[in-house]
Novice: 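Below is a structure I'd like to ask you about.
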Amino acid sequence: MKPRLWLVVGARPNFVKAAPVLRAARASGLFEPTLVHTGQHYDPALSGVFFRDLGLPRPDLHLEVGSGSHAAQTAEVMRRLEPALAEARPRALVVFGDVNSTLAAALTAAKLGVPVAHVEAGLRSFDRSMPEEINRVVTDRLSETLFTTEESANRNLAREGVPDAAVELVGNTMVDSLLHGLERARELAPAVRERLGLAAGGEYAVLTLHRPSNVDRGEVLEALLAAVAEIGRELPVVFPVHPRTRERLADRPAAERSAKSAGLALCEPMGYLEFVGLLDGARLTLTDSGGVQEETTALGIPCLTLRDNTERPVTLTHGTNLLVGTDPDKILAGARERLAADRERRRPPPLWDGRAAERIVAALGRRYAA
Ligand code: UD1
Ligand code: UDP
């Protein structure tokens, strides 16, 4: 019998990172893969549409944990995962990224003696006020095999004392998904632009915001939207609103009204292929998303990151990403600078070539299916 390999996903970026790994694992014939969905994200717009767009099969196991405080959500994943994992005893369990489901699954597996492999290990913002940073540090500590997307991650792990033999620089599975879906995304793009009221062939910007530090405090969110509204006077800005942000905007109707009147087109979170198609044609992106920083790097789209730090420094050195924080003057200056410059495509980071998942599965095969 083939060794069992469990893949655990829970939130929007996990689905994007996991889909190519599951596809490669199935194609390799080395493992019997099981897909587990924790249910951290459950809205069709954050979950179902990603399964469809990414060609993910229905999960073999759905834990349906839903939303909750950090402790409650993490604990609920652990509580529901443990009995199934104890019974199946897979040869290894793979987790992705830095969300609560990642940490919860890694901790459950490690305590049961199931080896953990972490895809997107070693990224560090060095900012422990970010919940994801805590998830990254602890998940890496618990992992036996650490797959990294960029060289900075290897350096971070070496500094933390992780043995070199445990770390494999494989590239970026989010870019695997991007390259895999790009052609279909481009086919959808004209209809998406029309639906959003964007002029055919016209320029536009895309905004995404969901980091607690940016959206959970009303005054920060208002100041950010006011700055983006300035850009909106020159360029239509499409703003697919994450549910966390939608809830905060509901507390601040004035901010939502002024954003709308200043040329920001607020819409529901978009499906993966529609969003990638929109991103691909954008003149400028403003974001606090980790994944969007990487996707704009791969596409060569100018990106302003509305944060003071990034755990993905390769997007600054190999991409078109610029850290502008939350200061309105810096955001506007960054936007003007990027809009004045020609679109430039830099050399993509090493191994961001669409084949990271194949490398991951080959390494998993050597380690767990030999
Ligand atoms: C989570 C991750 C974050 C990741 C983001 C991707 C953690 C700590 N955070 O943040 O790292 O960048 O996902 O999008 O794991 N909600 C819905 N529908 C859903 C899911 C959530 O309405 O399907 C609402 C709920 O009110 C919930 C809130 O959004 O309380 C936040 O959801 P949660 O999963 O806790 O964190 P995110 O902000 O989505
Ligand atoms: N994304 C999407 N629709 C949207 C916003 C984002 O499909 O409306 C995709 C985006 O292309 C990327 C992923 O969601 O693949 C990133 O997720 P998110 O920004 O929520 O999380 P982060 O990367 O910050 O953890």
Side-chain angles (χ1 to χ4, degrees), residues 189 192-270 275 278-293 295-297 299-310 315-316 319-344:
V192 174
R193 286 186 212 187
E194 195 181 326
R195 194 181 73 221
L196 294 166
L198 298 168
E203 295 190 328
Y204 58 88
V206 176
L207 168 69
T208 81
L209 280 178
H210 71 281
R211 296 258 93 85
S213 58
N214 280 342
V215 306
D216 283 2
R217 293 213 319 274
E219 65 280 9
V220 177
L221 179 59
E222 262 181 39
L224 275 173
L225 288 180
V228 178
E230 283 295 313
I231 299 165
R233 292 182 209 292
E234 292 166 34
L235 197 65
V237 181
V238 182
F239 180 20
V241 186
H242 187 283
R244 171 186 287 277
T245 313
R246 173 69 71 192
E247 281 169 21
R248 300 304 178 268
L249 280 174
D251 304 335
R252 297 256 166 173
E256 182 164 1
R257 269 199 306 277
S258 65
K260 280 182 178 161
S261 68
L264 267 63
L266 279 68
C267 61
E268 292 303 308
M270 293 174 72
F275 184 75
L278 188 73
L279 211 53
D280 178 56
R283 182 73 184 85
L284 181 70
T285 304
L286 302 108
T287 194
D288 59 13
S289 158
V292 174
Q293 292 175 63
E295 289 163 339
T296 49
T297 288
L299 291 168
I301 308 291
C303 178
L304 301 183
T305 293
L306 308 173
R307 289 174 44 190
D308 295 323
N309 53 53
T310 179
T315 63
L316 305 172
T320 51
N321 192 16
L322 195 66
L323 283 180
V324 290
T326 53
D327 172 28
D329 291 338
K330 270 191 159 176
I331 296 171
L332 282 174
R336 297 225 162 88
E337 190 232 288
R338 291 284 136 146
L339 288 171
D342 288 334
R343 182 167 163 172
E344 56 174 319

Novice: Just by distance, do the side chain of Gln293 and the backbone of Ser289 share a donor-acceptor pair under 3.5 Å?
Specialist: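 Looks like yes, one N/O pair under 3.5 Å.
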Novice: Would you compute the distance between atom CE of Met270 and atom CZ of Arg195 and round it to the nearest 0.5 angstrom?
Specialist: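 It is 5.5 Å, given to the nearest 0.5 Å.
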Novice: Do you know which two heavy atoms are closest between Cys267 and Leu196, and how far apart they sit?
Specialist: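 Reported closest heavy-atom pair: SG-CD2, 4.2 Å.
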Novice: Identify the heavy atoms of Leu235 and Ala205 that sit nearest to each other, and give their distance.
Specialist: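 Taking every non-hydrogen atom into account, CD2-CB, 3.9 Å.
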Novice: Would you give the length of the straight line joining atom OG1 of Thr285 to atom OH of Tyr204, rounded to the nearest 0.5 angstrom?
Specialist: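 Reported to 0.5 Å precision, the distance equals 8.5 Å.
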Novice: Once rounded to the nearest 0.5 Å, what's the spacing between atom OG1 of Thr305 and atom CG of Asn321?
Specialist: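 Reported to 0.5 Å precision, the distance equals 3.5 Å.
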Novice: Is there a side-chain contact between Phe239 and Val228 (heavy atoms, below 4.5 Å)?
Specialist: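 They are not in contact (no side-chain heavy atoms under 4.5 Å apart), so the answer is no.
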Novice: Nearest 0.5 angstrom please: Ile231 CD1 to Leu207 CG, how far?
Specialist: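 Between atom CD1 of Ile231 and atom CG of Leu207 there are 8.5 Å.
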Novice: Is Arg338 reaching over with its side chain to a backbone N or O of Thr320, donor-acceptor style, under 3.5 angstrom?
Specialist: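 Yes, because the side chain of Arg338 sits within donor-acceptor range (under 3.5 Å) of the backbone of Thr320.
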Novice: So how far is it from Thr315 OG1 to Glu295 CD, rounded to the nearest 0.5 Å?
Specialist: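 It comes to 12.0 Å.
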Novice: Under the side chain to side chain contact (heavy atoms under 4.5 Å, CB included) rule, what do Thr287 and Thr296 come out as? Steps first, then yes or no, please.
Specialist: CA-CA 10 Å; Thr287 194; Thr296 49; over 6 Å; no
Novice: State, with a plain yes or no, whether a side-chain heavy atom of Arg244 is found less than 4.5 Å away from one of Asp216.
Specialist: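 Yes; the side chains approach each other to less than 4.5 Å.
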Novice: Under 4.5 Å between any side-chain heavy atoms of Leu224 and Ile331, yes or no?
Specialist: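 A side-chain contact exists here, since the closest heavy-atom pair is under 4.5 Å.
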Novice: Please give me the minimum heavy-atom distance between Glu203 and Pro236, naming the atom from each residue.
Specialist: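 Scanning both residues completely, I find the closest heavy atoms to be O-CD, 3.4 Å.
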Novice: Taking all non-hydrogen atoms of both residues, which atom of Pro269 and which atom of Pro240 are closest, and how far apart?
Specialist: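 Here Pro269 and Pro240 meet closest at CA-CB, 4.1 Å.
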Novice: Do Glu230 and Arg233 meet the salt-bridge criterion of a basic N to acidic O distance under 4.0 Å?
Specialist: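 So Arg233 pairs with Glu230 through a salt bridge.
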Novice: Looking only at atom types and distance, does a side-chain atom of Asn214 sit under 3.5 Å from a main-chain N or O of Leu306, one as donor and one as acceptor?
Specialist: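 Checking the backbone N and O of Leu306 against the side chain of Asn214, a donor-acceptor pair under 3.5 Å is found.
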Novice: Taking side chain as C-beta onward, heavy atoms only, is Arg336 less than 4.5 Å from Leu332?
Specialist: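 A side-chain contact under 4.5 Å exists here.
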Novice: Looking only at heavy atoms, what is the nearest atom pair of Gly232 and Val237, with distance?
Specialist: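 The answer is CA-CG2, 3.8 Å.
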Novice: How many angstroms lie between atom CZ of Arg307 and atom OG1 of Thr326, to the nearest 0.5 angstrom?
Specialist: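 Going from the CZ atom of Arg307 to the OG1 atom of Thr326 covers 12.0 Å.
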Novice: Please walk me through it: do Arg252 and Leu225 pass side chain to side chain contact (heavy atoms under 4.5 Å, CB included)?
Specialist: CA-CA 12 Å; Arg252 297 256 166 173; Leu225 288 180; over 6 Å; no
Novice: For Arg283 and Leu339, what are the C-alpha separation, side-chain angles and deciding distance, and is it a side chain to side chain contact (heavy atoms under 4.5 Å, CB included)?
Specialist: CA-CA 7 Å; Arg283 182 73 184 85; Leu339 288 171; 3.6 Å; yes
Novice: Give me the atom names and distance for the closest heavy-atom approach of His242 to Leu209.
Specialist: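 Reported closest heavy-atom pair: CB-O, 3.9 Å.
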